[in-house]
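Working notes for the structure below.
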Amino acid sequence: MAAIHPALELLPAIDAALAVDGLDWAIGGAVAMAIHGYARHTDDLDVFFHGRDVNRVLFALRSAGVTVATIADPYHFA
């Protein structure tokens with residue numbers, strides 16, 4: 001069985017924060033691959049959401065204590 005990806009530890013906080021406002025979201029990239037048993041070394045968590053919701057998503061995550069930084073505005077954050 002594959003080891004749990006370290007970035008998955010963020011999922012409960014992300015899920016709780018975005019559920020409060022009913023925001024749709026999904027994970028992708030290496031973490032999604034790891035859930036399906038394909039290990040790939042990376043330390044990021046790719047979270048996808050509707051572009052129209054960017055401000056609501058960022059506010060919800062930051063309000064829940066999740067650190068979010070802009071990499072390339074308006075759609076790429078860390």
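How far CG of Leu58 is from OG1 of Thr70: 7.0 Å, rounded to the nearest 0.5 Å. One finds the CG atom of Asp15 at 12.0 Å from the CG atom of Leu10 (value rounded to the nearest 0.5 Å).
Contact of the Leu18 side chain with the Phe49 side chain is not registered, since no non-hydrogen atoms from C-beta on lie closer than 4.5 Å.
Take Asp46 and apply the side-chain hydrogen bond (donor to acceptor under 3.5 Å, both in side chains) test, not counting sequence neighbours, and it matches no residue. For Asp53, the side-chain hydrogen bond (donor to acceptor under 3.5 Å, both in side chains) test picks out Arg56, with sequence neighbours left out.
Residues Ala17 and Ala64 come closest through the heavy atom pair CB-CB, 3.5 Å.
Within a 6.0 Å radius of CZ in Phe48, more than 12 heavy atoms belonging to other residues, nucleotides or ligands are found.
If you chain together hydrophobic residues whose side chains sit under 4.5 Å apart, Val54 and Val68 fall into the same group.
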